[in-house]
Protein chains: 2
Amino acid sequence: MTSSKTGNINTWLSHLQEETKFSISVDCVIFGYDSSKLKVLLIDCNMPPYEGRKSLIGELLEAKETTTQAARRILKNCTSLKDLYLEEVSVYSNPDRHPLGRVVTLAYYSLISIADYEKHIVDAANKRLEWIDLEDINKLAFDHQEILTDAYNRLQRTVREKPIGFSMLPKKFTLIQLQNFYETVLNIEVDRRNFRRKLMALGLLIDLQEVQDNVSHRPAKLYSFDFEKYKQKQNIGTLNFEI
Amino acid sequence: MTSSKTGNINTWLSHLQEETKFSISVDCVIFGYDSSKLKVLLIDCNMPPYEGRKSLIGELLEAKETTTQAARRILKNCTSLKDLYLEEVSVYSNPDRHPLGRVVTLAYYSLISIADYEKHIVDAANKRLEWIDLEDINKLAFDHQEILTDAYNRLQRTVREKPIGFSMLPKKFTLIQLQNFYETVLNIEVDRRNFRRKLMALGLLIDLQEVQDNVSHRPAKLYSFDFEKYKQKQNIGTLNFEI
DNA sequence: CATTCTTTGTGTTATTTTGACACAAAGCTT
DNA sequence: AAGCTTTGTGTCAAAATAACACAAAGAATG
């Protein structure tokens, strides 16, 4: 019945054979946002046949960790930041996708506010890490272009449904900055007044009673996102964050 | 800088070591719909310590296939059906999740119209496959309860955004059947008239000019879903399938 | 110091979408 | 023929969305 030599892994005992074991890597798409640009943290690839191209940041899964833990390890290695937003994208398992041999990859994406955190990017020169504008990326190593596309689609979807965008903005932001962020990430244009009305109606922005500094025009009011209130609303089911 | 012994898998050459290779399995959550019930195709598990419980259907990934191909192989093995809807759920990689040793699992879910296809379920007795009402499932083997929950959440989300529900219904269906389906899967109640208005407004249902047979009341009109028109609308961007 | 420039902040109206609700029609049963 | 069950349909109120213009704040300029 079952054509597999190994049988149903979930019902009867069989031993795990070496020839059906695989290297697993975890690749991270690290999105950053800065001055109205969505960027991705990339690294130079010098592995044939992809020399000269850039690639996502990835490492092999280790013996005693989950893929999520591996993703956090990678993030900490290149940003020295913990607690970043992290979301699984997909699995990439084409047998020929990696020149070193068969590597099955789990992709995750993560979000960073470049303005707030650039100072933490460790040793960027040594690691040849670089923020590249998303719109300028078109030919990554391996199947990373596909991974990036998938990750971006996931980001676009999730950013509409959950307040993950705020982790890409400074802690204090203006409504215009927030609007620009959504317009950039979602590649849309929205009416300023309608956007403000909608956001204020959520009741999740804290008016900091401060205004911008050092701008050569009327300074905008500063807000922060009320994560506490969001959690409460989430718990009591009152929530509909929808951009 | 990088603490990993293996270094960045995507930049420089390192060999793939045996101690960091893993067994990978693919598990399928096969949803079926029949007489207003959402069901899942499960198999008896007789592996300690989970004897007596039921589990999802899964097999080990083979050397030359993608995880998607493995999922299709599994589906064909237990339903002899090809071209079923298939969607990735998530990866499960806790080191202790499987008693045989470390197994990293990719979960997929798939959809079947039980009414149309039950005849194709091969050798259900031999394989100890059984359709179990979703609401009666509460203690599966391994971490399969978690996988099922994740898969169901994905199904609920996708069924609202894409016309995947029609692959769980007979090819000819009544509007009431369609409504019952959405009410069951989404665990909501909707107004009959408003539901009909919304669905007809999509312009994607074909009025078959037929009515039900063998019912002891006024027979309902039969419809089918216009997959062709849906594809066209999708291509020209006119689409907003949203239940 | 008055004028200009840029950007912020705000309210109303028309349109569309959603939600609530009741009764007649079809076909089978008795 | 009367009764039963389920299907099929329209209107109106409420809510959400989309479109739109002008005054106010502060810096820069002459």
Side-chain angles (χ1 to χ4, degrees), chain A residues 35-37 115 159-161 169-170 172-184 186-225 233 237-243, chain B residues 35-37 115 159-161 169-170 172-184 186-225 233 237-243:
Chain A
S35 46
S36 294
K37 289 279 188 182
V159 84
R160 279 180 170 275
E161 299 173 355
L169 288 167
K172 301 175 176 188
F173 50 84
T174 69
L175 281 178
I176 300 280
Q177 286 173 340
L178 189 58
Q179 178 180 345
N180 285 339
F181 169 79
Y182 281 108
E183 291 185 330
T184 302
L186 297 173
N187 202 25
I188 56 174
E189 292 202 351
V190 300
D191 178 87
R192 194 162 84 241
R193 277 171 292 190
N194 294 340
F195 178 81
R196 298 166 96 89
R197 170 155 40 93
K198 188 159 195 171
L199 264 288
M200 296 315 283
L202 286 174
L204 292 170
L205 296 185
I206 300 171
D207 183 342
L208 294 173
Q209 310 287 352
E210 294 176 60
V211 292
Q212 274 182 314
D213 222 24
N214 292 323
V215 286
S216 71
H217 52 76
R218 175 174 178 175
K221 295 173 70 175
L222 292 169
Y223 295 86
S224 67
F225 184 75
K233 289 202 175 195
T238 332
L239 188 73
N240 56 335
F241 188 90
E242 268 288 338
I243 304 299
Chain B
S35 46
S36 294
K37 289 278 187 181
V159 85
R160 279 180 171 275
E161 300 174 355
L169 288 167
K172 300 175 176 188
F173 52 83
T174 70
L175 281 178
I176 300 279
Q177 286 173 339
L178 189 59
Q179 179 179 345
N180 286 340
F181 169 78
Y182 281 108
E183 290 184 331
T184 302
L186 297 173
N187 203 23
I188 56 174
E189 293 201 352
V190 300
D191 178 87
R192 195 162 84 242
R193 277 172 289 192
N194 293 339
F195 178 80
R196 298 167 95 89
R197 169 160 37 106
K198 190 159 194 171
L199 264 288
M200 297 313 286
L202 285 176
L204 292 170
L205 297 185
I206 301 171
D207 183 342
L208 294 173
Q209 310 288 351
E210 294 176 58
V211 292
Q212 274 181 316
D213 223 22
N214 293 323
V215 286
S216 71
H217 52 75
R218 174 175 179 174
K221 295 173 72 175
L222 292 170
Y223 295 86
S224 67
F225 184 75
K233 288 202 176 195
T238 331
L239 187 73
N240 55 333
F241 188 91
E242 270 286 339
I243 303 298

Enquirer: Can you give me the bend angle of the helix from C/dC1-D/dG30 to C/dT30-D/dA1? Use the axis through the first five pairs and the one through the last five, nearest 10 degrees.
Expert: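 Comparing the axis at each end, I get an angle of 0°.
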Enquirer: Do A/Val190 and A/Ile243 make a side-chain contact, defined as non-hydrogen atoms from C-beta onward lying under 4.5 Å apart?
Expert: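 Counting from C-beta outward, A/Val190 and A/Ile243 never come under 4.5 Å.
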Enquirer: Taking the side chain from B/Lys233 and the backbone from B/Phe241, do they hold a donor-acceptor pair closer than 3.5 Å?
Expert: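 Flag not set: sc B/Lys233 to bb B/Phe241 has no pair under 3.5 Å.
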Enquirer: Can you give me the first and the last nucleotide of DNA chain D (5' to 3') that has an atom within less than 4.0 angstrom of a non-hydrogen atom in chain A?
Expert: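 Listing 5' to 3', DNA chain D meets chain A from D/dT17 to D/dA28.
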Enquirer: Count the heavy atoms of every other residue, nucleotide or ligand shown that sit under 6.0 Å from CD of B/Glu189, and state whether that count exceeds 12.
Expert: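 Open: at most 12 neighbouring heavy atoms sit under 6.0 Å from CD of B/Glu189.
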Enquirer: What parts of residues 177-184 of chain A reach DNA chain D, counting only heavy atoms under 4.0 Å away?
Expert: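 None - not one residue of the stretch has a heavy atom sitting under 4.0 Å from the strand.
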Enquirer: What's A/Ile176 touching, base or sugar-phosphate or nothing? Going by heavy atoms closer than 4.0 Å.
Expert: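 Sugar-phosphate, backbone atoms only, no base.
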Enquirer: Which residues satisfy the side-chain contact (heavy atoms from CB on, under 4.5 Å) test with B/Ile206, sequence neighbours excluded?
Expert: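 Scan of B/Ile206 (side-chain contact (heavy atoms from CB on, under 4.5 Å), adjacent residues dropped) gives B/Leu208, B/Ser224, B/Asp226.
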Enquirer: Could you tell me the separation between the CG atom of A/Leu199 and the CG atom of A/Leu178, rounded to the nearest 0.5 Å?
Expert: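 It is 5.0 Å, given to the nearest 0.5 Å.
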Enquirer: Among all residues two or more places apart in sequence or in another chain, which pass the side chain to side chain donor-acceptor pair (under 3.5 Å) test with B/Arg160?
Expert: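 Scan of B/Arg160 (side chain to side chain donor-acceptor pair (under 3.5 Å), adjacent residues dropped) gives none.
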Enquirer: Hey, which sits more toward the 5' end of DNA chain C by its nearest nucleotide, A/Leu175 or B/Pro219?
Expert: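 Per heavy-atom nearest nucleotide, the more 5' residue is A/Leu175.
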Enquirer: B/Leu222 versus B/Phe173: any side-chain heavy-atom pair under 4.5 Å?
Expert: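 Counting from C-beta outward, B/Leu222 and B/Phe173 never come under 4.5 Å.
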Enquirer: Who passes side-chain contact (heavy atoms from CB on, under 4.5 Å) against B/Lys221, sequence neighbours left out?
Expert: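 By the side-chain contact (heavy atoms from CB on, under 4.5 Å) rule, B/Lys221 matches B/Asp207, B/Val211, B/Tyr223.
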Enquirer: Do any of residues 208-216 of chain B sit with a heavy atom less than 4.0 Å from DNA chain C, and if so which?
Expert: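 B/Val215, B/Ser216, in order of number.
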Enquirer: Report each atom pair, protein N/O against N/O of nucleotides 10-16 of chain C, whose distance is under 3.5 angstrom.
Expert:
none

Enquirer: Holding to salt bridge (Lys or Arg N to Asp or Glu O under 4.0 Å), I want the full list of residues that pass it with B/Lys172, two or more places apart in sequence or in another chain.
Expert: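 Per chain and number, B/Lys172 pairs via salt bridge (Lys or Arg N to Asp or Glu O under 4.0 Å) with B/Glu210.
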Enquirer: Restricting to ring-ring contact (aromatic ring centres under 6.0 Å, His included), what partner residues turn up for A/Tyr182, sequence neighbours left out?
Expert: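 If we apply the ring-ring contact (aromatic ring centres under 6.0 Å, His included) test to A/Tyr182, skipping adjacent residues, there are no hits.
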Enquirer: About how many Å separate OG1 of A/Thr174 and CG of A/Asn180, when rounded to the nearest 0.5 Å?
Expert: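 Those atoms lie 7.5 Å apart.
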Enquirer: Working to the nearest 0.5 Å, report the span between CG of A/Leu204 and CG of A/Leu202.
Expert: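 Separation between the atoms: 5.5 Å.
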Enquirer: Mind checking what makes side-chain contact (heavy atoms from CB on, under 4.5 Å) contact with A/Arg192, not counting sequence neighbours?
Expert: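 Residues passing side-chain contact (heavy atoms from CB on, under 4.5 Å) with A/Arg192: A/Ile176, A/Gln179, A/Arg196.
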Enquirer: Can you list everything that forms a side chain to side chain donor-acceptor pair (under 3.5 Å) with A/Gln177? Sequence neighbours excluded, please.
Expert: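 In terms of side chain to side chain donor-acceptor pair (under 3.5 Å), with neighbours along the sequence ignored, A/Gln177 is linked to no residue.
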